[in-house]
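Below you'll find the structure, written out as structure tokens, and then a few comments.
Since the structure is predicted, the reported quantities are computational estimates derived from the model, not experimental observations.
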Amino acid sequence: MNVPERLDIPREVLNIAHKLEAAGFETWCVGGAIRDTLLGVLNHDFDLTTAAHPEDVQRLFRRTVPIGVDHGTVAVLDSANRPHEITTFRKDVQTDGRHARVEFGVSLTDDLARRDFTINAIAYHPLRHEWRDLFHGAQDLDRKLIRAVGDPNWRFQEDYLRILRALRFAARFEFRIHGPTREAAHANVQGLSQLSAERVREEWFKGITTARRVSKLVALWREVGAARIWLPEIRATGGGERGVIDRLPRDPVLITAFLASDPASLLTRLKCATRDVERGRAIRDWRDRYPDQKRLVDVRRWLAETGPVADDLLTLLGASDPHNNLPRVVAAVRVARDPLSLKELAVRGEDLIAAGVRPGPDVGEALHRLLEEVLEDPGRNTRDYLLTRV
Ligand code: ATP
Ligand code: MG
């Protein structure tokens with residue numbers, strides 16, 4: 001790839017780089033925004049890497065946020081309060097596959113060498129318009145290749161999360177993973193079990209939201225063996241299902257639940273919020289039990305019983321059977337505002353008690369019986385009618 005002579009760097013980023021350079025600290029743009037811009041993808045999130053130490057950055061700029069000072073990262077807030085990440089040139093001196101101890105006071109070359117993939121290790125000097133592409137990342141962008149910087153085995157053993165990052169970038173850009181990098185990912189995949197569930201979840205979810213086709217991401221997690229370790233509940237997907245996956249909205253919890261034989265168990269392993277685990281559980285409980293759209297009573301009863309998960313179920317149905325009419329039938333029921341829950345009944349518990357029902361469990365039972373009648377025929381939802389029924 002012929003890199004352009006100049007990149008269009010946002011004014012605020014230039015100002016920050018200018019100030020650091022004027023104070024004597026070499027400063028370069030690097031990482032995702034350089035990569036994306038070379039690919040022609042819009043990304044204004046230019047990260048800076050600099051010889052300045054975090055204290056220097058905090059001293060030079062009035063408004064900073066200490067995002068990860070131990071690792072050298074400080075965000076500088078611009079006039080519009082947007083954060084810009086500035087990271088000190090660093091190298092990892094000690095790693096255990098999960099954490100790194102880092103050392104500052106190193107060169108740009110060292111800093112680029114500790115980055116994960118060649119396409120993420122291209123640096124551009126925003127003032128001098130120089131390029132530093134020691135690992136031929138621009139060429140790999142051209143060849144559509146994800147390739148580790150340096151020895152892929154070491155690099156994955158330093159930080160196993162890089163295996164998942166490789167899969168994410170491959171699915172996002174539809175790049176191939178370079179042979180030795182792919183083999184090393186495969187060979188070191190067991191190391192993924194050391195990672196925290198939170199980091200794995202974040203990678204998996206980010207992968208789902210950014211992949212060009214989610215089915216490709218799933219295939220990569222499978223092939224490399226990452227799915228076996230972290231997502232063992234994922235079901236075998238045939239050709240037809242791959243199309244369904246790719247039609248689903250990019251909702252990570254919904255997609256994960258769709259893919260899993262037991263969504264609650266998978267979402268629990270990924271330490272998702274209870275709300276998400278329950279959502280996954282409800283999806284599994286209901287996903288094979290759609291009502292007959294010709295029977296409005298069944299549709300209303302189904303809506304009443306599924307409650308908040310009905311929309312997920314309709315989304316799944318729409319992706320697997322786009323011509324199914326149930327979503328339109330449901331829309332009509334909703335427009336008609338047919339009562340579907342106890343709180344929409346024309347009577348309340350106290351009305352029943354006033355009418356002679358014994359306070360206690362009898363009240364709930366009576367309300368449920370009334371709702372059942374109203375689901376059968378919404379026209380019955382009047383106070384007079386319902387009171388005659390208790
Ligand atoms: P995204 O578009 O997902 O933000 P990105 O390339 O900007 O992509 P970040 O996670 O924001 O990814 O990281 C910024 C840069 O830091 C990367 O481009 C890469 O150079 C480096 N980096 C991030 N994580 C790692 C890692 N685990 N190991 C090595 N280098 C990393
Ligand atoms: Mg980024």
Side-chain angles (χ1 to χ4, degrees), residues 31-33 35-36 41 43 45 47 67-68 71 73 85 92 95-100 114-121 146-149 152-153 155-178 181-182 184-234 245-246 248-260 263 265-273 276-277 280:
R35 175 200 65 215
D36 292 352
V41 178
N43 183 343
D45 219 2
D47 294 326
I67 296 192
H71 286 86
T73 307
E85 283 193 21
D92 298 349
T95 58
D96 62 3
R98 293 186 292 172
H99 314 282
R114 64 95 185 163
R115 291 175 183 270
D116 48 6
F117 305 110
T118 60
I119 60 168
N120 289 344
I146 306 296
R147 184 203 309 255
V149 169
N153 273 300
R155 303 313 311 285
F156 288 145
Q157 284 161 21
E158 280 173 350
D159 179 1
Y160 291 106
L161 193 76
R162 290 173 187 154
I163 294 176
L164 302 182
R165 287 174 59 89
L167 308 182
R168 167 158 65 88
F169 290 123
R172 169 164 166 200
F173 300 120
E174 291 193 310
F175 278 19
R176 278 181 306 116
I177 302 176
H178 187 241
T181 299
R182 174 188 284 263
H186 203 275
N188 290 290
V189 78
Q190 202 51 46
L192 290 177
S193 57
Q194 298 179 25
L195 296 176
S196 74
E198 289 82 356
R199 290 181 84 202
V200 173
R201 179 186 68 220
E202 198 180 320
E203 265 308 311
W204 167 242
F205 280 13
K206 214 167 172 187
I208 289 177
T209 47
T210 57
R212 198 157 298 168
R213 283 179 300 129
V214 176
S215 58
K216 176 71 187 174
L217 180 76
V218 176
L220 286 167
W221 273 65
R222 275 234 180 80
E223 283 160 28
V224 159
R228 178 169 48 75
I229 295 171
W230 277 99
L231 317 170
E233 293 86 354
I234 287 203
I245 300 169
D246 294 332
L248 286 171
R250 297 306 176 90
D251 176 330
V253 174
L254 179 68
I255 289 183
T256 305
F258 172 78
L259 291 170
S265 134
L266 178 42
L267 294 166
T268 303
R269 180 174 315 99
L270 294 179
K271 296 220 168 100
C272 290
D276 294 333
V277 174

**Study point:** Check: R250 side chain, I208 main-chain N or O, donor-acceptor pair, under 3.5 Å
**Key:** yes
Exercise for review: Report the relative orientation of the aromatic rings in F169 and F173; use parallel for angles under 30°, tilted for 30 to 60°, perpendicular for over 60°.
Suggested key: parallel
Check your understanding: Does R147 reach the main-chain N or O of H178 with its side chain, forming a donor-acceptor pair under 3.5 Å?
Key -> no
Exercise for review: Before accepting this row, confirm whether a basic side-chain N of the pair K216/E174 lies closer than 4.0 Å to the acidic partner's carboxylate O.
Suggested key: no
Practice item. Show your reasoning for whether side chain to side chain contact (heavy atoms under 4.5 Å, CB included) applies to I234 and L266. Key: CA-CA 8 Å; I234 287 203; L266 178 42; 4.2 Å; yes
Practice item. Taking the side chain as every heavy atom from C-beta outward, state whether H71 and H99 have any pair of such atoms under 4.5 Å apart. Key: no
Practice item. Identify the two heavy atoms, one from P252 and one from T209, that lie closest to each other, and give their separation to 0.1 Å. Key: CG-CG2, 3.9 Å
Practice item. Taking the side chain as every heavy atom from C-beta outward, state whether T256 and P263 have any atom pair closer than 4.5 Å. Key: no
Point to revise | Student check: side-chain heavy atoms of V218 and L231 closer than 4.5 Å | key: no
Exercise for review: Hey, could you give me the CG/NZ distance between D276 and K271, rounded to the nearest 0.5 Å?
Suggested key: 15.0 Å
**Study point:** Nearest atoms (heavy-atom pairs only) where L267 meets G280
**Key:** CD1-CA, 3.9 Å
**Study point:** Smallest separation among heavy atoms of T73 and E85, with atom names
**Key:** CG2-OE1, 3.7 Å
Review point. Are the side chain of R199 and the backbone of R98 linked by a donor-acceptor contact shorter than 3.5 Å?
Key: yes
**Study point:** Backbone of G31 reached by a side-chain donor or acceptor of N120 within 3.5 Å
**Key:** no
Review point. Rounded to the nearest 0.5 Å, how far apart are CG of D246 and OG of S215?
Key: 3.5 Å
Check your understanding: Could you give the distance from CG (L217) to NZ (K206), rounded to the nearest 0.5 Å?
Key -> 13.0 Å
Check your understanding: Closest heavy-atom contact between L254 and P249?
Key -> CD2-CG, 4.1 Å
**Study point:** R269 atom CZ, over 12 foreign heavy atoms within 6.0 Å
**Key:** yes
Practice item. Give me the one residue out of T95, D96, N188 that meets side chain to side chain donor-acceptor pair (under 3.5 Å) with Q157. Key: N188
Point to revise | Heavy-atom side-chain contact between V214 and L248 under 4.5 Å | key: no
Study note, to complete from the structure: Smallest heavy-atom separation, A185 atom then I163 atom, equals O-CD1, 3.8 Å
Revision key, fill the gap. Between the CH2 atom in W204 and the CG atom in L270, the distance rounded to the nearest 0.5 Å is 9.0 Å
Review point. When you measure from the side chain of W230 to the backbone N and O of V200, does any donor-acceptor pair fall under 3.5 Å?
Key: no
Point to revise | Separation between OH of Y160 and CG of L195, rounded to the nearest 0.5 Å | key: 9.0 Å
Exercise for review: Would you indicate whether the side-chain heavy atoms of R182 and R176 approach each other to under 4.5 Å?
Suggested key: no
Review point. Taking the side chain from T181 and the backbone from I177, do they hold a donor-acceptor pair closer than 3.5 Å?
Key: no
Point to revise | Lys/Arg N to Asp/Glu carboxylate O, R162 vs D92, below 4.0 Å | key: yes
Exercise for review: Flag the pair L164 / V224 as yes when at least one side-chain heavy-atom distance between them is below 4.5 Å, and no otherwise.
Suggested key: no
Study note, to complete from the structure: Minimal heavy-atom distance between V189 and A226, with the atoms involved, is CG2-N, 3.6 Å
Study note, to complete from the structure: Rounded to the nearest 0.5 Å, the CZ atom of R168 sits from the CG atom of L220 at a distance of 13.0 Å
Review point. Do side-chain atoms of R155 reach the backbone of R115 as a donor and acceptor pair under 3.5 angstrom?
Key: yes
Exercise for review: Could you tell me whether R172 and D36 make a salt bridge, using a distance below 4.0 angstrom between a side-chain N and a carboxylate O?
Suggested key: yes
